[in-house]
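Values in this document were obtained by computation on a predicted structure and should not be read as measured data. Order of the sequence lines sets the chain letters (A, B, ...), proteins ahead of strands, with each chain counted from 1.
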Protein chains: 2
Amino acid sequence: MHDDLSPLCSRFLEAADLLGRRWTGVILRILMDGPCRFGELTERIGTISERVLSERLKDLEAEGILERHVDPGPPIRSEYRLTEKGQAFWKVIDELGKWAERWVDVKATRAAPRKRKSA
Amino acid sequence: MHDDLSPLCSRFLEAADLLGRRWTGVILRILMDGPCRFGELTERIGTISERVLSERLKDLEAEGILERHVDPGPPIRSEYRLTEKGQAFWKVIDELGKWAERWVDVKATRAAPRKRKSA
DNA sequence: GGCACTTACTTACTTTTTGGAAGTTACTTG
DNA sequence: CAAGTAACTTCCAAAAAGTAAGTAAGTGCC
């Protein structure tokens, strides 16, 4: 007997794990439109908490998917932009967007806790 | 002042939320290869807990992405297979796979808790 | 200089999700 | 009928995400 039937490619597992963290897809989607600052990301996403946004940005930076640029103004501003690796993700986001447009039906307005089951 | 600058399409948010739950992408990836039973999914994924697999399958069924077929054998067996909506997801999975192959470098073996930071 | 305001985050604390392992139910086989 | 298997469920602990308040650096005004 084998202990493992056709194990999934570990690269795929990593990629899926990346997207499997909440907000990752949305952050990437926004950055596809161009560099963005912390506050702008917060506003555009709308319901993400700053705590998690900060964490996610660090993750993505550590993964080499985006870079943080600090412009010491004087009005100091930081900006997040995709690296080549991050840009390359656009096809995934694009297909996800197409799928969503075709198959997701807009129901109610989503609230904070992922989903309120019925009541 | 506006309270919301270019809000993201809510369909996209839903789709991203779907994929933003751990294991969703992996489950979909496996089902792309054809119908699969509970135990087989468990084995192929390797590190998912049955508790979560069960939950995720229910979610996906509720979303109309997959269907559960129970074959009352006698050797009773259940099988999960993608619906049309689920099949349509293949492009997303495919692009994710391509991206992973090109950009993810295989490092260590992944352990259970998402990621062990250093120590 | 002091006070108010902004940006970009942290920190502390609570609620959800996920993981791990041991049941449970239904049926099969010896 | 004891043992085993498949497909789950339950219970409990650990990790992740939500919420809100706090911090640090800098600007604008008086």
Side-chain angles (χ1 to χ4, degrees), chain A residues 1 5 13 16-27 35-62 66-81 110-119, chain B residues 1 5 13 16-27 30-31 35-62 66-81 110-119:
Chain A
M1 59 180 88
L5 38 135
L13 283 179
D17 205 43
L18 182 82
L19 226 51
R21 289 183 194 137
R22 208 182 175 186
W23 301 117
T24 305
V26 179
I27 293 170
C36 207
R37 290 179 298 112
F38 189 88
E40 206 179 328
L41 279 166
T42 306
E43 274 188 275
R44 293 240 286 166
I45 300 177
T47 51
I48 193 175
S49 69
E50 301 186 335
R51 201 196 68 74
V52 175
L53 177 56
S54 173
E55 192 173 292
R56 212 73 338 143
L57 290 170
K58 270 182 209 151
D59 292 349
L60 292 170
E61 192 182 2
L66 56 79
E67 287 172 335
R68 194 171 91 103
H69 290 270
V70 183
D71 170 29
I76 189 177
R77 284 155 175 287
S78 66
E79 202 178 61
Y80 296 88
R81 55 184 64 168
R110 306 181 336 128
R114 203 147 221 167
K115 211 149 207 175
R116 226 69 86 126
K117 17 201 78 175
S118 54
Chain B
M1 57 182 90
L5 36 136
L13 284 179
D17 204 44
L18 183 82
L19 227 51
R21 289 181 194 138
R22 206 181 177 187
W23 303 117
T24 305
V26 179
I27 293 169
I30 291 175
L31 290 178
C36 206
R37 290 180 300 109
F38 190 88
E40 206 181 327
L41 280 166
T42 306
E43 274 187 276
R44 294 240 285 166
I45 299 176
T47 51
I48 193 175
S49 70
E50 302 187 335
R51 202 198 67 72
V52 174
L53 176 56
S54 172
E55 191 173 295
R56 212 73 340 141
L57 290 170
K58 270 181 210 153
D59 291 350
L60 291 170
E61 192 184 1
L66 56 79
E67 285 171 336
R68 193 171 92 103
H69 288 269
V70 183
D71 171 28
I76 190 177
R77 283 156 175 288
S78 67
E79 204 179 59
Y80 296 88
R81 55 184 61 170
R110 307 180 335 128
R114 206 146 221 169
K115 213 149 207 175
R116 226 68 85 128
K117 15 202 78 174
S118 53

Any N/O pairs under 3.5 Å between the protein and nucleotides 7-9 of chain C? List them or say none.
unit_1, atom_1, unit_2, atom_2, d
C:dA8, OP1, A:Arg37, NH1, 3.3
C:dA8, OP2, A:Gly39, N, 3.1
C:dC9, OP1, A:Arg68, NH1, 2.3
C:dC9, OP2, A:Arg68, NH1, 3.4
C:dC9, OP2, A:Ser78, OG, 2.8
C:dC9, OP2, A:Tyr80, OH, 2.7
C:dC9, O5', A:Tyr80, OH, 3.4
C:dC9, N4, A:Glu50, OE1, 2.3

Run the side-chain contact (heavy atoms from CB on, under 4.5 Å) test on B:Leu18 and B:Asp59 for me, step by step, so that the C-alpha distance in whole Å, both residues' side-chain angles and the decisive distance to 0.1 Å come before the verdict. CA-CA 9 Å; B:Leu18 183 82; B:Asp59 291 350; over 6 Å; no
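- When the side-chain nitrogen and oxygen atoms of A:Trp23 are compared with OP1 and OP2 of D:dA16, none of them lie within a distance under 4.0 Å.
- If you measure from atom CG of A:Leu53 to atom P of D:dA16, you get 17 Å, rounded to the nearest angstrom.
- As a whole-Å value, the separation of A:Arg51 CZ from D:dA15 P is 14 Å.
- Partners of A:Glu55 according to the salt bridge (charged side-chain N to carboxylate O under 4.0 Å, His left out) rule, which considers only residues two or more places apart in sequence or in another chain, are A:Arg51.
- Remark: P of D:dG18 and CD1 of A:Ile45 are 11 Å apart, rounded to the nearest angstrom.
- In this structure A:Thr42 satisfies the side chain to side chain contact (heavy atoms under 4.5 Å, CB included) test together with A:Phe38, A:Glu50, A:Leu53, sequence neighbours excluded.
- When rounded to the nearest whole Å, the span between CD1 of B:Ile48 and P of D:dA7 equals 15 Å.
- Atoms CG and CD1, from A:Leu13 and B:Ile45 in turn, are 8.5 Å apart once rounded to the nearest 0.5 Å.
- Nucleotide D:dA15 holds its P atom 13 Å from the CD atom of A:Glu55, rounded to whole Å.
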Just do the side-chain contact (heavy atoms from CB on, under 4.5 Å) check on A:Thr24 and A:Arg56 with the steps written out, would you? CA-CA 7 Å; A:Thr24 305; A:Arg56 212 73 338 143; 3.5 Å; yes
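- For B:Val26 against A:Ala16, the heavy-atom pair with the smallest separation is CG2-CB, 3.7 Å.
- Qualifying salt bridge (charged side-chain N to carboxylate O under 4.0 Å, His left out) partners for A:Glu67, counting only residues two or more places apart in sequence or in other chains: none.
- When the salt bridge (charged side-chain N to carboxylate O under 4.0 Å, His left out) test is applied to B:Arg81, the partners found at least two apart in sequence or on another chain are B:Glu79.
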Between protein and nucleotides 4-6 of chain C, what N or O pairs are separated by less than 3.5 Å?
none

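- OP1 or OP2 of D:dG18 has at least one side-chain nitrogen or oxygen of A:Arg22 nearer than 4.0 Å.
- If you measure from atom CZ of A:Arg21 to atom C1' of D:dA15, you get 12 Å, rounded to the nearest angstrom.
- Here the shortest heavy-atom pairing between B:Ser78 and B:Arg68 reads CB-NH1, 3.9 Å.
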